[in-house]
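Encoded as structure tokens, the structure appears first; notes follow it.
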Amino acid sequence: MHYQDVLEACEQTLKELKTDYLDLYLIHWPNRIVAIEETMKAMKKLLDDGLIRNIGVSNFTINHLKDALKTKVKIVANQVEFHPYLYQEKLLEFCRQNGIAIIAYSPLGRGNILKDDVLVRIARKHNKTTAQVCLRWLYQKGIAAIPKSSSVERLKENIDIFDFSLDQKDVKEIDGLNRNIRFVNPVFSDFDY
Ligand SMILES: NC(=O)c1ccc[n+]([C@@H]2O[C@H](COP(=O)([O-])OP(=O)(O)OC[C@H]3O[C@@H](n4cnc5c(N)ncnc54)[C@H](OP(=O)(O)O)[C@@H]3O)[C@@H](O)[C@H]2O)c1
């Protein structure tokens, strides 16, 4: 997160990916030890030098975003855990107001929410799977999702969400499943900020 470290980490990544620029480069976690101004200055330098096309962040709360936005450097995306059991409505609204896209990681709650009764019922109604219902719920909110699967069949299933649509009642029910449960919460996370 220090100025020089950010520049070097990006150079290393470009080398490993055998490319000369990245479309989107993210700050993976906020870090209270290094001032965000210093990190954003390095991200801006990468942007100005053409090594990255867009700056994003990850695991940032509204307060982290407010601090980062004070630097006036454009942030295009915030990649956060987001699924029906962690419906971060206030963060979504703040991001919308500030032109920041939400990218939902663990959009299936790491597989832990797929047997939920409400999701099962809604999935049956549409002849889809509960994973597809979770992904469609995100899509209809304008949220990008990055589900992970090691199976080709499930990868196909996860992209096959464009032939149905959740109605208002479905969406309201899924919104109501929120339990503020995080499946990704390492010791260094700063979600209380
Ligand atoms: N920015 C960050 O700090 C951060 C943190 C965590 C994760 N991420 C990223 O987010 C991405 C996804 O998150 P995640 O892996 O934590 O959780 P996830 O995508 O919500 O869930 C993955 C789990 O769900 C299973 N699964 C996938 N599709 C399924 C389907 N259609 N039906 C049933 N089970 C299905 C997978 O098993 P199979 O593989 O067996 O299909 C795997 O166990 C990853 O690429 C990861 O790099 C980012």
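Atoms within each ligand, like the ligands themselves, are counted from 1 in listed order. Numbers for residues simply follow the sequence, beginning at 1.
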Test: [X] and [Y] ion pair at under 4.0 Å:
X    : Y    : value
K125 : D167 : yes
K70  : D67  : yes
D170 : R136 : no

Proximal candidate to atom 30 (C) of ligand 1 [heavy atom criterion; set R154, H83, E81, Q79]: R154

Identity of the nearest option to atom 19 (O) of ligand 1, non-hydrogen atoms only, from K148, E153, E157: K148

Per-residue contact class, S106 against ligand 1 - non-hydrogen pairs under 4.0 Å: both

Contact partition for N158 relative to ligand 1, non-hydrogen atoms under 4.0 Å: side chain

Any N or O of S150 closer than 3.5 Å to N or O of ligand 1: yes

Min heavy-atom dist T129 to ligand 1 below 4.0 Å: no

Heavy atom of protein closer than 4.0 angstrom to atom 48 (C) of ligand 1: yes

Ring centers of F183, Y85 separated by less than 6.0 Å: no

Heavy-atom pair of closest approach, residues A131 and L108: O-CD2, 3.7 Å

